[in-house]
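Structure first, then comments.
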Amino acid sequence: MEAENDLKILKFTNKEFANTLKNAMAMGLPVLIEDLEEYIDPSIDPVLGKQYYEHEARTLIKFGDKEAEYNTDFRLYMTTKLPNPHYLPEIFIKTTVINFTVTFEGLED
């Protein structure tokens with residue numbers, strides 16, 4: 001789906017996580033953050049909350065301690081391998097959570 005749009009695949013453990021995410025936001029590229037744990041780094045809070053704003057004909061977002069360019073075509077996807085993650089309520093408010101867990105009852109349907 002997003003492969004033809006130059007999907008960037010990241011993990012919070014990547015050394016270049018912040019730079020790659022900033023560049024993707026500026027260019028409007030989709031990003032997939034893999035293998036999330038129950039703790040999500042608060043540095044991406046403005047991204048999850050879509051806290052971008054217009055300033056002098058530019059769209060910006062506060063990322064870390066600096067402002068970064070933001071393209072409204074930017075898309076963020078996050079995945080986890082946890083079977084039943086317990087995220088903070090703020091995460092559920094800012095995101096759409098889809099559970100793709102396969103159950104025996106679902107296989108019967």
Side-chain angles (χ1 to χ4, degrees):
M1 178 170 100
E2 294 285 6
E4 62 268 5
N5 295 329
D6 196 19
L7 175 70
K8 303 296 179 193
I9 300 174
L10 299 173
K11 293 182 181 183
F12 279 119
T13 56
N14 289 15
K15 292 179 183 178
E16 292 295 317
F17 176 84
N19 287 336
T20 304
L21 186 58
K22 275 189 349 189
N23 290 338
M25 285 190 298
M27 296 188 300
L29 300 175
V31 171
L32 169 65
I33 302 175
E34 294 183 313
D35 300 335
L36 284 180
E37 297 296 325
E38 289 185 343
Y39 172 78
I40 296 179
D41 191 323
S43 68
I44 67 166
D45 245 16
V47 180
L48 296 178
K50 296 183 180 180
Q51 298 172 0
Y52 56 87
Y53 54 93
E54 298 288 328
H55 180 71
E56 297 178 0
R58 295 171 39 207
T59 305
L60 302 172
I61 191 166
K62 181 113 171 128
F63 186 71
D65 57 350
K66 298 179 182 175
E67 292 178 334
E69 293 279 338
Y70 187 86
N71 184 319
T72 55
D73 291 334
F74 172 74
R75 299 288 178 261
L76 178 65
Y77 304 95
M78 300 184 294
T79 63
T80 184
K81 292 181 179 178
L82 299 174
N84 189 20
H86 297 283
Y87 295 114
L88 295 173
E90 297 87 46
I91 299 300
F92 285 99
I93 291 169
K94 297 175 185 176
T95 62
T96 301
V97 178
I98 302 171
N99 186 346
F100 287 106
T101 303
V102 177
T103 62
F104 185 73
E105 293 83 22
L107 291 174
E108 288 179 339
D109 289 340

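Quick caveat: nothing in here was measured; it's all calculated off a predicted structure.
Once rounded to the nearest 0.5 Å, the distance linking NZ of Lys11 with CG of Asp35 reads 4.0 Å. Note that CG of Leu82 and CD of Glu38 are 5.5 Å apart. Values are rounded to the nearest 0.5 Å.
The aromatic rings of Tyr52 and Tyr70 lie parallel to each other, their planes meeting at an angle below 30°, with 60° marking the opposite boundary.
Remark: side-chain polar atoms of Asn14 are not paired, donor with acceptor, to backbone N or O of Glu16 under 3.5 angstrom. Checked by atom type and distance alone, the side chain of Glu34 never pairs as donor or acceptor with a backbone atom of Thr79 at under 3.5 Å. A donor-acceptor pair under 3.5 Å is absent between the side-chain atoms of Thr95 and the main chain of Val97, judged by distance alone. Under a 3.5 Å cut-off, the side chain of Asn5 and the backbone N or O of Leu7 do not form any donor-acceptor pair.
Put simply, Leu36 and Leu10 are part of the same group of oily side chains (I, L, V, M, F, W, Y) that touch within less than 4.5 Å, one to the next. Under a hydrophobic clustering in which Ile, Leu, Val, Met, Phe, Trp and Tyr are joined whenever their side-chain heavy atoms come within less than 4.5 Å, directly or via other members, Ile33 and Phe92 fall into the same cluster.
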Audit row: Leu29, Phe74, side chain to side chain contact (heavy atoms under 4.5 Å, CB included) steps and yes/no: CA-CA 5 Å; Leu29 300 175; Phe74 172 74; 5.9 Å; no
Side chain to side chain contact (heavy atoms under 4.5 Å, CB included) evaluation trace for Val47 with Ile61: CA-CA 8 Å; Val47 180; Ile61 191 166; 4.2 Å; yes
Step-by-step side chain to side chain donor-acceptor pair (under 3.5 Å) determination, Tyr87 to Glu37: CA-CA 9 Å; Tyr87 295 114; Glu37 297 296 325; over 6 Å; no
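Using a 4.0 Å cut-off between a side-chain N of Lys or Arg and a carboxylate O of Asp or Glu, Asp73 and Arg75 do not qualify as a salt bridge.
Nearest heavy atom pair, residue Leu76 against residue Leu48, reads CD2-CD2, 3.8 Å. The heavy-atom pair separating Ala68 from Phe63 by the smallest distance is CB-CB, 4.3 Å.
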